[in-house]
Amino acid sequence: MPELPEVETTLQGIRPHLEGRVLRGVDVREARLRWPVSEALYALKDCPVLGLKRRAKYLLIQLAEGQLLIHLGMSGTLRVVEAGTPLRKHDHVDLRLDDGKVLRFNDPRRFGTVLFQAGAADHPLLEKLGPEPLGDDFTGERLFDRSRGRKVAVKSFIMDNATVVGVGNIYAQESLFLAGIHPSRAAGRVSRERYDRLAEAIKAVLAKAIEAGGTTLRDFTRADGQPGYFAQSLRVYGRAGQPCIQCKTVLKADRHGQRSTSYCPQCQR
DNA sequence: CACCTTTCCTGGTGGC
DNA sequence: TGCCACCAGGAAAGGT
């Protein structure tokens with residue numbers, strides 16, 4: 001599952017292949033993604049690529065005509081291949097470049113998106129996004145201010161993209177453990193001091209994950225076995241029923257908005 | 001084979 | 001009563 005670190009890694013991986021190139025055209029084999037692939041993409045022809053950016057989990061490819069938005073959803077991947085490379089199952093969209101290479105979007109579950117926003121304005125999907133977790137405008141103070149009076153579980157609160165972007169299920173659980181906060185606690189009933197700790201925990205976990213090259217949990221659990229960053233660092237995620245690494249209390253499992261949550265009932269209050 | 005995954009949207013509710 | 005903010009739940013699809 002691509003979390004923010006994986007998206008960042010993908011961006012860095014494709015950037016050298018796209019910067020300075022010209023987008024010759026777009027081939028769409030399957031337009032039924034999370035939203036239909038933007039019709040306007042079909043008409044794009046010979047567009048110089050001006051730059052690449054990441055915003056939350058969106059990859060943005062900037063053209064003079066507008067902006068391409070790519071979201072990997074749950075199962076999306078981007079690869080740079082030579083033109084003519086045989087198609088695999090679920091290879092839905094190709095961006096053809098002027099050097100004979102192709103940026104190929106593959107997504108079995110089709111929760112991803114490939115959209116186009118004409119002109120200079122931001123796409124509506126980007127308008128309501130909160131700050132980047134690693135930016136200076138994401139602070140404990142902001143979490144505190146925005147949470148007053150809110151009854152929603154603090155875990156759901158920090159996973160809300162309007163609060164801060166890019167905090168997925170794994171990072172939310174790990175950050176709450178590091179900060180010693182019970183995931184079910186009402187967001188409005190967490191003190192300023194504890195939100196300071198939580199903001200720092202979120203930054204630390206994400207920064208380390210990006211540093212590790214965005215390797216995901218599932219990659220570690222696959223058979224090739226190389227123990228990586230998360231395998232060693234995960235303190236609560238997926239460990240319900242096992243002892244807390246700090247106090248040996250058996251970790252509990254809970255559920256917030258359809259998502260599983262593990263936590264230590266002793267260390268997290 | 002039911003479950004699990006992300007994100008946005010919808011509909012219901014409660015407060016003012 | 002009317003409106004808005006808030007929050008829970010639903011939907012998409014396929015691999016495991």
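Proteins get letters first, then strands, A, B, ... in listed order; numbering begins at 1 in each. Values below: every heavy atom of this structure, side chains too, minus hydrogens, waters and symmetry copies.
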* Asked: For Phe157(A), which residues count as a ring-ring contact (aromatic ring centres under 6.0 Å, His included) partner, sequence neighbours excluded?
  -> none

Just list the side-chain donor-acceptor pairs under 3.5 Å for residues 128-139 of chain A, sequence neighbours left out, or say none.
{"unit_1": "Glu132(A)", "atom_1": "OE1", "unit_2": "Arg54(A)", "atom_2": "NH1", "d": "2.9"}
{"unit_1": "Glu132(A)", "atom_1": "OE1", "unit_2": "Arg54(A)", "atom_2": "NH2", "d": "3.2"}
{"unit_1": "Glu132(A)", "atom_1": "OE2", "unit_2": "Arg55(A)", "atom_2": "NH1", "d": "2.9"}
{"unit_1": "Glu132(A)", "atom_1": "OE2", "unit_2": "Ala56(A)", "atom_2": "N", "d": "2.7"}
{"unit_1": "Thr139(A)", "atom_1": "OG1", "unit_2": "Glu141(A)", "atom_2": "N", "d": "3.4"}
{"unit_1": "Thr139(A)", "atom_1": "OG1", "unit_2": "Arg142(A)", "atom_2": "N", "d": "3.1"}

Without placing hydrogens or testing angles, list every side-chain donor-acceptor pair under 3.5 Å for residues 37-50 of chain A, not counting sequence neighbours.
{"unit_1": "Ser38(A)", "atom_1": "OG", "unit_2": "Phe116(A)", "atom_2": "N", "d": "2.8"}
{"unit_1": "Asp46(A)", "atom_1": "OD1", "unit_2": "Arg24(A)", "atom_2": "NH1", "d": "2.9"}

* Restricting to pairs with a member in residues 186-209 of chain A, which pass ring-ring contact (aromatic ring centres under 6.0 Å, His included), not counting sequence neighbours? -> none

* **Under-4.0 Å side-chain N/O to phosphate OP1/OP2 contact, Thr113(A) with dT6(B)** => no

* To do: Identify, between Ser260(A) and Asn161(A), the residue whose nearest nucleotide on DNA chain B lies closer to the 5' end.
  => Ser260(A)

* Verify, without hydrogens or angle tests, whether Arg104(A) (side chain) and Thr85(A) (backbone) share a donor-acceptor contact under 3.5 angstrom. => yes

* Listed partners of His123(A) passing ring-ring contact (aromatic ring centres under 6.0 Å, His included), at least two apart -> none

* Asked: Looking at residues at least two apart in the chain, or sitting in another chain, which of them share a side-chain hydrogen bond (donor to acceptor under 3.5 Å, both in side chains) with Glu65(A)?
  -> none

* Within the structure shown, what part of the strands sits under 4.0 Å from Phe157(A) by heavy-atom distance: base, sugar-phosphate, or nothing? -> nothing

* To do: Only counting residues at least two apart or in another chain, list the ones meeting ring-ring contact (aromatic ring centres under 6.0 Å, His included) with Phe144(A).
  => none

* Structure fact -> Contacts satisfying side-chain hydrogen bond (donor to acceptor under 3.5 Å, both in side chains) that involve residues 11-20 of chain A (not counting sequence neighbours) are Glu8(A)-Gln12(A), Arg15(A)-Glu19(A)

* Any Tyr58(A) side-chain N or O less than 4.0 Å from OP1/OP2 of dT6(B) -> no

* **Ile70(A) CD1 to dT6(B) C1', straight-line distance once rounded to whole Å** => 17 Å

* Structure fact -> Ordered by number, residues from residues 114-131 of chain A within less than 4.0 Å of DNA chain C (heavy atoms) are none

* Structure fact -> With B for base contact, S for sugar-phosphate-only contact and - for none (protein heavy atoms under 4.0 Å), nucleotides 6-16 of chain C reads SSSSB-BBBS-

* Salt bridge flag under 4.0 Å for residues Asp91(A) and Arg29(A) -> no

* State which residues pass salt bridge (charged side-chain N to carboxylate O under 4.0 Å, His left out) with Asp196(A); sequence neighbours excluded, sorted by chain then number. => Arg192(A)

* Structure fact -> Rounded to whole Å, the CG-P distance (Asp160(A) to dC8(B)) equals 10 Å

* Taking Watson-Crick and G-U wobble pairs with both distances under 3.5 Å, convert DNA chain B into its dot-bracket string, 5' to 3', dots for unpaired and | for cross-strand pairs. => .|||||||||||||||

